[in-house]
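Accompanying notes for the structure given below.
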Amino acid sequence: MGRLDDKVAVITGGASGIGRASVRRLAAEGALVVVADLDEQHGSELAAEVNGLFVRTDVTSATDVEAMYDAAIERFGGLDVCFNNAGISPPDDDSILTTDLDAWRRVQEVNLTSVYLCCKAGIARLLEHGGGSVINTASFVAVLGAATSQISYTASKGGVLSMSRELGVQFARKGVRVNALCPGPVNTPLLQELFAKDPARAARRLVHVPMGRFGEPEEIAAAVAFLASDDASFITASTFMVDGGIHAAYVTPLESE
């Protein structure tokens, strides 16, 4: 018996990175998984792999988000877990001095407005089906500052964190738990794209991680599975850090220590 047997989980940004690892982990623990993404090829292949459902979804579209949840309920008969994970971090989101308004707005739409839309539609349906778990992907950058700024990304993740806290409190007595998952830097295609061309840029960030390495998507997926499960039944409105200790570090260990 898996912790998530027969629970219906919808995962946005499910075709790659943390989303992809989470699809596999939740399915392995017994969940019926909906993969929501714009990437039809990889999303469909992954859904087939786990006997799930792929739904092409633009998470910035209220119509698409409503249709995504309706497809999940029509196919599997209910809804138990909403993992609102889709996000972007484009190179033109940088210092506030150089990031233009269009770049700012694009990141806010995908990273923050989409979570609002998914929570608005998802929580309404969870209430209809007796409650469940909402997990919103924030970030460690929501709790500390960085001189290597991605100003809109950072602001968007702070918004996700605050929104998740408020929703967790608001719906705590109605059977819906809402938590903000805050990954540290994770070895995903997004991070590889950002840092592969500039090892010095990666090294500057890595020195601040007490564990001395980036996380792996599967490690974040393990936290998602926990928050989705009844093992986390007394956890809501939390800032759930999975970051190798970066949020707590002042001076990190030397290799010899």
Side-chain angles (χ1 to χ4, degrees), residues 1-37 39-40 42-57 59 64-86 114-115 117-137 164 167-168 171-181 217-238 240 242:
M1 297 289 290
R3 288 189 297 181
L4 301 174
D5 278 352
D6 298 325
K7 290 187 181 294
V8 180
V10 176
I11 299 178
T12 67
S16 66
I18 292 169
R20 185 179 187 86
S22 297
V23 167
R24 287 173 168 157
R25 178 62 185 259
L26 269 61
E29 298 216 22
L32 305 167
V33 183
V34 176
V35 182
D37 207 293
D39 185 341
E40 295 188 44
H42 293 104
S44 296
E45 291 172 354
L46 181 61
E49 175 189 320
V50 300
N51 295 316
L53 172 68
F54 171 73
V55 180
R56 187 186 185 282
T57 308
V59 291
D64 275 19
V65 169
E66 296 273 354
M68 170 186 76
Y69 288 126
D70 287 343
I73 293 167
E74 181 179 354
R75 172 69 175 271
F76 295 122
L79 181 66
D80 302 284
V81 179
C82 303
F83 180 27
N84 303 320
N85 169 69
S114 74
V115 177
L117 292 172
C118 288
C119 286
K120 182 179 179 67
I123 290 173
R125 287 162 174 79
L126 289 175
L127 292 171
E128 292 173 357
H129 289 85
S133 173
V134 178
I135 305 156
N136 296 325
T137 299
S164 302
L167 295 174
F171 294 101
R173 299 187 184 184
K174 296 182 181 297
V176 175
R177 297 183 295 107
V178 184
N179 291 290
L181 179 70
E218 291 75 16
E219 293 175 302
I220 310 303
V224 174
F226 169 69
L227 290 172
S229 76
D230 292 340
D231 286 346
S233 57
F234 200 53
I235 299 175
T236 197
S238 76
F240 204 85
V242 189

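Keep in mind that what you see is a predicted model, and the values were worked out from it rather than measured.
Each salt bridge (charged side-chain N to carboxylate O under 4.0 Å, His left out) pair with one or both residues in residues 218-227, not counting sequence neighbours, appears once here: Arg213-Glu219. Sorted by first then second residue, the side-chain hydrogen bond (donor to acceptor under 3.5 Å, both in side chains) pairs that include residues 119-135, not counting sequence neighbours, are Glu66-Arg125, Asp70-Arg125.
Residues forming a side chain to side chain contact (heavy atoms under 4.5 Å, CB included) with Leu53 (at least two apart in sequence, or on another chain): Val34, Val55, Ala71, Arg75, Phe76. Shown here are the side-chain hydrogen bond (donor to acceptor under 3.5 Å, both in side chains) partners of Ser238, two or more places apart in sequence or in another chain: Asn179. For Asn84, the side-chain hydrogen bond (donor to acceptor under 3.5 Å, both in side chains) partners at least two apart in sequence or on another chain are Tyr69, Asn136. In terms of the salt bridge (Lys or Arg N to Asp or Glu O under 4.0 Å) criterion, residue partners of Asp231 (sequence neighbours excluded) are, by chain and number, Arg3. Qualifying side-chain hydrogen bond (donor to acceptor under 3.5 Å, both in side chains) partners for Arg20, counting only residues two or more places apart in sequence or in other chains: none. Partners of Asp80 under the side-chain hydrogen bond (donor to acceptor under 3.5 Å, both in side chains) rule, at least two apart in sequence or in another chain, do not exist in this structure.
To the nearest 0.5 Å, atom OG of residue Ser233 and atom CG of residue Leu227 are 11.5 Å apart. Note that CG of Leu4 is 9.0 Å distant from CZ of Arg25, once rounded to the nearest 0.5 Å. Rounded to the nearest 0.5 angstrom, Phe240 CZ and Thr137 OG1 are separated by 12.5 Å. Atom OG1 in Thr236 sits 10.5 Å away from atom CZ in Phe171 (nearest 0.5 Å).
Judged by distance alone, with hydrogens and angles left aside, the side-chain atoms of Asp39 form a donor-acceptor pair with the main-chain N or O of His42 at under 3.5 Å. With Arg56 contributing its side chain and Asp37 its backbone, the two residues share no donor-acceptor pair below 3.5 Å.
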Side-chain atoms of residues 6-14: list all donor-acceptor pairs with protein atoms under 3.5 Å, sequence neighbours left out, distances to 0.1 Å.
| residue | atom | partner | partner atom | Å |
| --- | --- | --- | --- | --- |
| Thr12 | OG1 | Asn85 | N | 2.8 |
| Thr12 | OG1 | Ala86 | N | 3.0 |

Table please: side-chain donor-acceptor pairs of residues 43-52 below 3.5 Å, with sequence neighbours left out.
| residue | atom | partner | partner atom | Å |
| --- | --- | --- | --- | --- |
| Ser44 | OG | Glu40 | O | 2.7 |
| Glu49 | OE1 | Arg24 | NH2 | 3.1 |
| Glu49 | OE2 | Arg24 | NE | 2.8 |

_Between Leu181 and Val242, does the side-chain contact (heavy atoms from CB on, under 4.5 Å) criterion hold? Intermediate values first, please._
CA-CA 7 Å; Leu181 179 70; Val242 189; 3.9 Å; yes
